[in-house]
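Structure first, then comments.
Values below: all heavy atoms of this structure, side chains included; hydrogens, waters and symmetry mates excluded. As the structure is a computational prediction, the values presented were derived from the model and not from experiment.
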Amino acid sequence: MSQDGLCKSIRYYSEDFDLSIGRWGIRIFEPLRANYTIVYLSAAVSILLVAVSAVLLVSLLQIRSMTGSILTGIVFEVAPSLTATMLHEYVSDLYFLSMVFILIASLALVRCPNRIAATVLSVIFTVLSLSLYQSYIGIEVGICVFLTAMMLMDRSLPVRAAYRELLRYALTVLSGLVIYLVIVKIVQFVSGVGTAAYGGLSELSVSSVLLSLPSSVSNAYHAFVRYFLRDDFIYNTAWHRDIFFLLFFLCFGGALIFRIVRDGIYKEKGRLLFLIALMLLYPAAVNIIALIVPTTEFYLLTTIQMLLVVPFFFAVSEDAAFFVQLLGAVMVLVISATYFMSDVISYKALKETYDQAIYGAERILDRMEQTEGYDRNMPVAFAGWFTEENYPKDESFWDYSIGPMVSWQMTHGDYYPNTESIRRFYLQYFDEQIVVADPATFSAIIASPEFAEMGTFPAKDSVKVIGGVLVVKLLEHPWPPY
């Protein structure tokens, strides 16, 4: 499990923090599993919901190819972004439910014959999706942009029809977003919870969005490039995945050009320019969250929407040259295979991290019990935890995992989440109740001369009692309380 997963432990109750970041839906849906976070059950439900999402995508984009349908399901099931989400087992199933909701919203918007019903259903499911996890809004926006582009590739439909549909899509998504934000404010007011600074929701306003637009757009495009070609979110270069994606995008471009030439789209300048504009807007569309919340920082969990290029390719390329279809499908298959291997290596890497933590925690517990003056009711100040200083990592192994988050230590890098993770860890794996020192006491201890004179674990003087608190010094410069 992830650092958050360990901190939340095996039974999770939605806290005020969820309300403060706008995820009030977690409090509604979480009791359906009696608040238990059983890893195997969460994993099974998550895999099922991802499969449902893939089926909805195939239906939504009307992918007729069996190969395209199967590969769409495979690439989403093994995608590192979803693997990372599953490591947060206390909410992974709810996050994937959010993905299902956003795809139902898209399906209703596009396929429902009654415009009023389509709008109402789409808004409802958009709001439900946002209430669980906001990042998947990019999936709906990206689909709307792509389907408008597909309309433009049908010359039997007038260009103005594509403009009208895009406007309808935009107004519906915007309505869902506004209603969601209104509900967030109502829920926070009723519950007496303020808006957290986390994720930038507290700073959200029309003026902030407009003033930050140039940097937000740059952030959205930069994230798109980094996802496919860099190692910032996913370790790509060790697997040469950046090269495979470049070949894939060449196939995508080839299929698009083939359709433009074959169907005579190039003969209508307005249609062609609109189509090109939509394709260029795609990276900003799928990363729309960066435009809505300018302070957005992308990380592995919030990037799955970028993989929509895979089903989009299969939707565009069905009538393209066989070589283009074949090469694109092979690239997706190869990328999926490397994703799967990264997943396996990542789980092995996490197992190694936990094994190290268990052995280290057992040694620390022995030292604590042998320390003069210690009793089990005494508060404990853990000054750090096991990092690469204690257990250097074999980079040739870790570089093949899904991404940087797997290389992190078992606990968070600041005092409260760190010590809460350690407390839960001892309770879960050793049935040992540890009383953790409060942040103020910890701050005073790490600033004291006595602490400075201590050695770092496993030195003999790395565990001692200071002012009635048992201090375990694992780092020379531990993380301060936030």
Side-chain angles (χ1 to χ4, degrees), residues 1-9 17 197-198 349-395 397-398 404-482:
M1 65 183 78
S2 67
Q3 294 81 5
D4 283 348
L6 177 59
C7 195
K8 305 303 181 184
S9 197
F17 179 72
Y198 176 84
L350 284 172
K351 178 65 166 58
E352 183 175 314
T353 298
Y354 265 77
D355 286 346
Q356 292 170 350
I358 288 171
Y359 300 143
E362 188 172 14
R363 292 172 63 196
I364 289 173
L365 190 59
D366 288 341
R367 291 284 294 277
M368 288 167 58
E369 292 170 344
Q370 295 167 11
T371 301
E372 184 177 352
Y374 170 70
D375 68 74
R376 297 186 67 181
N377 297 319
M378 180 179 289
V380 181
F382 291 96
W385 193 246
F386 295 107
T387 67
E388 288 192 31
E389 293 180 27
N390 313 93
Y391 291 107
K393 290 181 168 57
D394 178 3
E395 294 301 329
F397 172 75
W398 295 85
M405 73 169 292
V406 180
S407 302
W408 299 340
Q409 63 189 49
M410 186 198 73
T411 60
H412 280 288
D414 40 54
Y415 183 70
Y416 171 71
N418 175 47
T419 50
E420 181 63 9
S421 296
I422 295 171
R423 188 186 71 80
R424 300 269 186 150
F425 185 76
Y426 271 110
L427 180 62
Q428 188 165 324
Y429 288 91
F430 295 89
D431 195 26
E432 187 76 22
Q433 293 278 2
I434 300 288
V435 180
V436 178
D438 63 79
T441 302
F442 179 79
S443 295
I445 286 172
I446 62 175
S448 68
E450 288 179 278
F451 180 82
E453 294 169 0
M454 292 175 65
T456 56
F457 193 85
K460 289 184 177 180
D461 58 348
S462 60
V463 181
K464 66 183 295 186
V465 176
I466 299 178
V469 177
L470 183 71
V471 181
V472 182
K473 185 176 180 179
L474 290 106
L475 295 176
E476 192 64 46
H477 303 288
W479 313 289
Y482 62 81

* Asked: What is the distance from atom CD1 of Ile364 to atom OG1 of Thr371, rounded to the nearest 0.5 Å?
  ->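 Those atoms lie 11.0 Å apart.
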* Atom pair CD (Glu362) and CD1 (Ile358), whose distance is rounded to the nearest 0.5 Å ->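 CD1 of Ile358 is found 9.0 Å from CD of Glu362.
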What I'd like to find out is whether the side chain of [X] reaches to under 4.5 Å of the side chain of [Y], using heavy atoms alone.
X      : Y      : answer
Leu427 : Gln433 : yes
Thr456 : Ser462 : no
Ile434 : Phe425 : no

Of all the heavy-atom pairs spanning [X] and [Y], show the shortest one and how long it is.
X      : Y      : value
Gly384 : Pro478 : N-CB, 3.9 Å
Phe382 : Phe442 : O-CE1, 3.6 Å
Ala381 : Ala437 : CB-CB, 4.1 Å
Val463 : Met454 : N-CE, 3.9 Å
Ala361 : Phe430 : CB-CE1, 3.8 Å

When the side chains of residues 446-453 are checked against the rest of the protein, which donor-acceptor pairs come out under 3.5 Å, sequence neighbours left out?
from, atom 1, to, atom 2, distance (Å)
Ser448, OG, Ile445, O, 2.6
Ser448, OG, Phe451, N, 3.3

Please check this pair: side chain of [X] against backbone of [Y], looking for a donor-acceptor N/O pair closer than 3.5 Å.
X      : Y      : answer
Arg367 : Val472 : no
Asp461 : Gly455 : yes
Ser443 : Pro439 : yes

* To do: Can you sort out the partners of Asp375 under side-chain contact (heavy atoms from CB on, under 4.5 Å), two or more places apart, ordered by chain and number?
  =>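 Partners of Asp375 under the side-chain contact (heavy atoms from CB on, under 4.5 Å) test: Asn377, Met378.
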* Asked: Is the shortest side-chain N to carboxylate O distance from Glu432 to Arg376 below 4.0 Å?
  ->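 Answer for the salt bridge query: yes.
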